[in-house]
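One structure below.
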There are 2 protein chains.
Amino acid sequence: MKKSKKVSMAVVRRLPKYYRYLGDLLKKDIKKISSKQLSQLTGFTASQIRQDLNNFGGFGQQGYGYSVSDLHSQLGKILGLNRPYRAIIVGAGNLGQAIGNYGGLSEAGLNLLSFFDKSSKMIGLSIGDVEIRNVKALSSFIKEHDIEVGIITTPTESAQSVADIMVESGINGIWNFAEADLKVPDNVMIENVHLNESLFTLSYLMENLSEE
Amino acid sequence: MKKSKKVSMAVVRRLPKYYRYLGDLLKKDIKKISSKQLSQLTGFTASQIRQDLNNFGGFGQQGYGYSVSDLHSQLGKILGLNRPYRAIIVGAGNLGQAIGNYGGLSEAGLNLLSFFDKSSKMIGLSIGDVEIRNVKALSSFIKEHDIEVGIITTPTESAQSVADIMVESGINGIWNFAEADLKVPDNVMIENVHLNESLFTLSYLMENLSEE
DNA sequence: TAGATTGTTAATCGATTAACAATC
DNA sequence: TAGATTGTTAATCGATTAACAATC
């Protein structure tokens, strides 16, 4: 079943924002919203919003707008948030622990089954109620529990070898926090959070602020 | 002093990647690189790389390529990494601590002077050798120490009010980890790390993987 | 010099915005 | 029905790629 038309990443990256604002509206018990109103909230143009949504279907009603709850749940479905995933985190340091405790994991349907680390000081401990295991057991654990998502919070040097093990063991999505561009096959999805690139960008903006 | 031509954000966000790869080459003691070789490393086209760099000046030599060390230091300068900034983190939870310990801060020239939190359990403790102070003292601390960069790792609900205090106290750059689109004046630079949007994007990619 | 590779202009491609007919 | 707002096509804008003269 092929997508009729490939949706661009520019569009995809706006969807979570729509979803978030619609969730806010839902909490406020607001029933309907127009593309114009959504434009004011998100800062995207109304035209762009309508274009974006129409990549996935006609969710609105002419002359009326969009039903908040309907659009919210449609977007949730499009983003795959309803579908549960089994996940693990490799690298149980500060960042790994922070991500493990991050509420957004469950919101995205991620079920965290284990941490992995190579430090003997960490192995055997638990964070929340999730155990830290020896990274040597990574491959067997992934296969045994049919893990789908791997989260990498290791130092940069280890990231590629961890990714290799993940891929070889059958994972098909990686959320990568290491400062590396991981090489993986096309059928494995990678989403990077490159903190250094983000921080350097801020530095650039500040450096060039006075010249604008 | 106005920039002759505004550099697009698409270009700016590629600069840190160039910088990183050039740093790697530098460590390997490689002296020169062509746009073609850099293309193979980064995945950007050689043409794009030359276009990008030429926004800032002609750093290459025709027939030869680019000097690795020269280009690296030029990019560092463009990114403002040489210039030191005084920074603070508001929200000393898991994520705040992880960011506080993140080595990239000093690499970007950020000097972390204090954490702030509202929890009495946290106030007075130190992370590394950086103290956690009462968030009530935020404004006075910023003014007193002439803080330039604020890092927000609070829950979403508090983020905007923290940003307001930061702005009012004279900060001109915010690195924001909260799931909110902060409203600040134009002269204050914001760089967001929206973990939920990143994770939702991964979820989308995985959900739609089978249909490609 | 001949070969290589930049800097830069022109061509293409894709994404955003504008416009408006369809229709609720 | 009249007013509002979508869905969608067309126009514009900006970013990427291709091409090539300049030159080391």
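All values below were derived from every heavy atom in this structure, side-chain atoms included, with hydrogens, water molecules and symmetry-related copies excluded. Note on naming: letters A, B, ... go to the chains in the order of the sequence lines (proteins, then strands), and numbering restarts at 1 for each one.
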What is the separation between atom [atom1] on [X] and atom [atom2] on [N], rounded to the nearest whole Å?
{"X": "B/N54", "N": "D/dT23", "atom1": "CG", "atom2": "P", "result": "14 Å"}
{"X": "B/R50", "N": "D/dT23", "atom1": "CZ", "atom2": "C1'", "result": "14 Å"}
{"X": "A/Q48", "N": "D/dC13", "atom1": "CD", "atom2": "P", "result": "16 Å"}

Polar side-chain contact B/Q62-D/dT23 base: donor and acceptor under 3.5 Å: no

Pair of N/O donor and acceptor under 3.5 Å linking D/dT17 base with B/Q51 side chain: yes

Could you give the distance from CD1 (A/I190) to CD1 (A/I152), rounded to the nearest 0.5 Å? 6.5 Å

Phosphate OP1/OP2 of C/dC24: any A/Y66 side-chain N/O under 4.0 Å: no

Check whether any side-chain N or O of A/T45 sits under 4.0 Å from OP1 or OP2 of C/dT16, and answer yes or no. no

Mind checking what makes ring pair (Phe, Tyr, Trp, His ring centres under 6.0 Å) contact with B/F115, not counting sequence neighbours? none

Partners meeting ring pair (Phe, Tyr, Trp, His ring centres under 6.0 Å) with B/F116 (sequence neighbours left out): B/F141

Does B/A46 or A/G63 map to a spot on DNA chain C nearer the 5' end, using the closest nucleotide for each? B/A46

Every stem of 3 or more Watson-Crick or G-U pairs under 3.5 Å that DNA chain C joins, in order of first number, is C:3-24 with D:3-24

Over all strands shown, is A/F59 touching base, sugar-phosphate only, or nothing at heavy-atom distances under 4.0 angstrom? sugar-phosphate

What is the nucleic acid contact for A/S47, judged by heavy atoms within less than 4.0 Å: base, sugar-phosphate only, or nothing? base

Can you say whether the rings of B/Y19 and B/H72 are parallel (under 30°), tilted (30 to 60°) or perpendicular (over 60°)? parallel

Does A/K36, at its NZ atom, have more than 12 non-hydrogen atoms belonging to other residues, nucleotides or ligands within less than 6.0 Å? no

Could you tell me whether the side chain of B/E148 and the main chain of B/R86 form a donor-acceptor pair under 3.5 Å? yes

Closest to side chain of B/Q61, choosing from C/dA15, D/dC24, D/dG7: D/dC24

